[in-house]
Amino acid sequence: MPELPEVQNVVDGLKILQDRYVEDVKVYNVNTVKNPNTSDDFEDILEGKKVLDVFRRGKYIVFQLDADYKLITHLRMTGALVVGEKEVTKYTRVGFLFSKNLAVNFNDIRRFGTMSLLHQEELYKEKGYFNLGVEPLSKEFNHRYMLGKLSSNRAIKTVILDQTIIAGLGNIYADECLFLAGIHPNRKGRELTKQEACILVDKIKLVLEKAINCGGTTFRDYKNSKGESGNFQQHLHVYGRKGQKCLLCNKGLKNSKISGRTTVFCPNCQR
DNA sequence: CGACGGGCCTGACAGC
DNA sequence: TGCTGTCAGGCCCGTC
């Protein structure tokens, strides 16, 4: 499931689209397109537009087009943007042809993924994008910012998964960061010490940077835009290891649900 | 305000 | 073998 590091790797592979024109668009699954209201409008507005830039914001992939339009994409669980795939597959939801004969397919097994084509002035319509919090790898995400978000009684895991607070952290990396910071995922935000908050910020940056450099985590479906898997799964300490032994203290890992998501932690190392 | 559950989806897998 | 049930989870929305 693509989180920040995976999305970053996909975006890196999509940079090849910069300065190309959208020559053809075909929507195969109407529900993938949230905006505009009809597939016809989506295709019509896109065709002829130039890609000025492709970048990541949180877990969103953004194509900056000319005429102040943005194509905002979210891969959700199983979405993939595949460069150079000409044939339409069973899971192709939207197909693109860019100039110099470069095809890109938006494939998505479970159809959770979305695409929105919006003019600069209607970005508010994509609420999740519009309300994103700070980028965890930016200077704005620092100890002071984190401390300012820890005044509630919400579980710390819920806080760091909140996209309006930190943009791009998902279930895998939330569990990993809390493990490395030695913080129990159920601790209330307001109960963290200043020191713990500082350690957490540092671990979030560390884990995300390392995962990006590893090409992301391929647990089930994730593939980058060239169809390659990541290998950060080899470095996971807790995610996907429920019932196994802690790599640090050798005691049993526990699991529970927090915010409806499977959470794995070490009750001995995380307090 | 926040917690919670349902819905969206399909494939993998466990158990009978 | 083949069926059924459960799980995976990002995000939105409605309800309490």
Side-chain angles (χ1 to χ4, degrees), chain A residues 1-8 10 27-35 37 56-62 72-81 89-94 105-116 118 123-133 135-136 148-178 185-191 208 211 216-223 229-230 232-233 236 238-244 253 255-265:
Chain A
M1 41 241 80
E3 302 180 27
L4 187 152
E6 292 75 30
V7 175
Q8 186 61 54
V10 172
V27 175
Y28 297 101
N29 181 66
V30 294
N31 292 331
T32 298
V33 175
K34 287 168 67 186
N35 277 287
N37 288 328
R56 178 194 61 73
R57 175 83 174 93
K59 298 173 199 168
Y60 289 86
I61 295 165
V62 183
I72 302 174
T73 299
H74 200 303
L75 303 175
R76 290 295 205 281
M77 312 299 299
T78 56
L81 279 160
T89 74
K90 184 180 168 186
Y91 301 120
T92 301
R93 309 310 179 191
V94 183
N105 278 348
F106 182 45
N107 297 341
D108 184 18
I109 295 171
R110 293 170 69 179
R111 302 192 230 212
F112 282 7
T114 59
M115 291 194 145
S116 277
L118 295 170
L123 291 182
Y124 65 89
K125 291 182 181 173
E126 189 65 32
K127 274 202 218 164
Y129 178 78
F130 195 71
N131 295 322
L132 281 174
E135 284 293 325
K149 299 294 180 187
L150 291 178
S151 57
S152 76
N153 282 321
R154 300 162 87 193
I156 183 62
K157 175 160 178 182
T158 306
V159 174
I160 64 174
L161 279 177
D162 187 335
Q163 301 297 301
T164 70
I165 295 176
I166 304 173
L169 214 58
N171 201 38
I172 295 175
Y173 299 109
D175 274 11
E176 290 301 310
C177 294
L178 288 168
N186 257 329
R187 284 272 298 287
K188 289 174 181 177
R190 62 190 310 160
E191 288 173 357
L208 292 177
T217 301
T218 297
F219 207 76
R220 289 193 179 75
D221 307 287
Y222 168 70
K223 295 268 167 59
S229 298
F232 191 73
Q233 61 276 12
L236 295 176
V238 282
Y239 182 85
R241 298 192 68 245
K242 84 177 178 191
Q244 298 181 37
L253 297 176
N255 65 286
S256 65
K257 288 254 183 200
I258 297 176
S259 292
R261 287 159 194 145
T262 301
T263 302
V264 186
F265 60 98

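Just so we're on the same page: letters track the sequence lines, and every chain starts at 1.
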Please report the distance, rounded to the nearest Å, between [atom1] in [X] and [atom2] in [N].
{"X": "A/Arg190", "N": "B/dC1", "atom1": "CZ", "atom2": "P", "result": "16 Å"}
{"X": "A/Tyr91", "N": "B/dT10", "atom1": "OH", "atom2": "P", "result": "9 Å"}
{"X": "A/Asn131", "N": "C/dC12", "atom1": "CG", "atom2": "C1'", "result": "12 Å"}
{"X": "A/Glu126", "N": "C/dG10", "atom1": "CD", "atom2": "P", "result": "17 Å"}
{"X": "A/Lys149", "N": "B/dG2", "atom1": "NZ", "atom2": "P", "result": "11 Å"}
{"X": "A/Arg57", "N": "C/dC11", "atom1": "CZ", "atom2": "P", "result": "12 Å"}
{"X": "A/Ile172", "N": "C/dG9", "atom1": "CD1", "atom2": "C1'", "result": "10 Å"}
{"X": "A/Lys242", "N": "B/dA14", "atom1": "NZ", "atom2": "P", "result": "12 Å"}

For A/Lys127 and for A/Met77, locate the closest nucleotide of DNA chain C by heavy-atom distance; then report the residue assigned to the nucleotide nearer the 5' terminus.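 With A/Lys127 and A/Met77 compared, the 5'-side residue is A/Met77.
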Given that A/Gly128 and A/Arg110 both sit by DNA chain C, which one's nearest nucleotide is further toward the 5' end?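 Its nucleotide being nearer the 5' end, the pick is A/Arg110.
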Check whether any side-chain N or O of [X] sits under 4.0 Å from OP1 or OP2 of [N], and answer yes or no.
{"X": "A/Tyr129", "N": "C/dC11", "result": "no"}
{"X": "A/Lys34", "N": "C/dC12", "result": "no"}
{"X": "A/Arg76", "N": "B/dC9", "result": "no"}
{"X": "A/Arg111", "N": "B/dT10", "result": "yes"}
{"X": "A/Gln163", "N": "C/dG10", "result": "no"}
{"X": "A/Lys188", "N": "B/dG2", "result": "no"}
{"X": "A/Arg154", "N": "B/dA3", "result": "yes"}
{"X": "A/His74", "N": "C/dC11", "result": "yes"}

How large an angle, rounded to 10°, do the end axes of the helix from B/dG2-C/dC16 to B/dC16-C/dG2 enclose when each is built from five base pairs? 50°
Any carboxylate oxygen within less than 4.0 angstrom of a Lys/Arg side-chain nitrogen, looking at A/Asp162 and A/Lys149? no
Carboxylate-amine/guanidinium contact A/Arg57 A/Glu135, below 4.0 Å: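 Yes, charged N to carboxylate O under 4.0 Å.
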How is [X] classified with respect to the nucleic acid when contacts are heavy atoms under 4.0 Å: base, sugar-phosphate, or nothing?
{"X": "A/Thr78", "value": "nothing"}
{"X": "A/Asn31", "value": "sugar-phosphate"}
{"X": "A/Lys257", "value": "sugar-phosphate"}

Mind telling me whether A/Tyr124 and A/Phe130 have parallel, tilted or perpendicular rings, with 30° and 60° as the class edges?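 Plane angle over 60°, so perpendicular.
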Could you go through the side-chain contact (heavy atoms from CB on, under 4.5 Å) check for A/Thr217 and A/Tyr173 one step at a time? CA-CA 10 Å; A/Thr217 301; A/Tyr173 299 109; 2.7 Å; yes
Using a 3.5 Å distance criterion without hydrogens, assess whether the side chain of [X] forms a donor-acceptor pair with backbone atoms of [Y].
{"X": "A/Thr263", "Y": "A/Arg261", "value": "yes"}
{"X": "A/Glu176", "Y": "A/Val238", "value": "yes"}
{"X": "A/Thr164", "Y": "A/Asn131", "value": "no"}

Determine whether the aromatic ring of A/Phe112 stacks with the base of C/dC11, defined as ring centroids separated by less than 5.5 Å and ring planes inclined by less than 30°.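 By the stated criterion, A/Phe112 and C/dC11 do not stack.
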Below 6.0 angstrom between ring centroids: does that apply to A/Phe232 and A/Tyr239? no
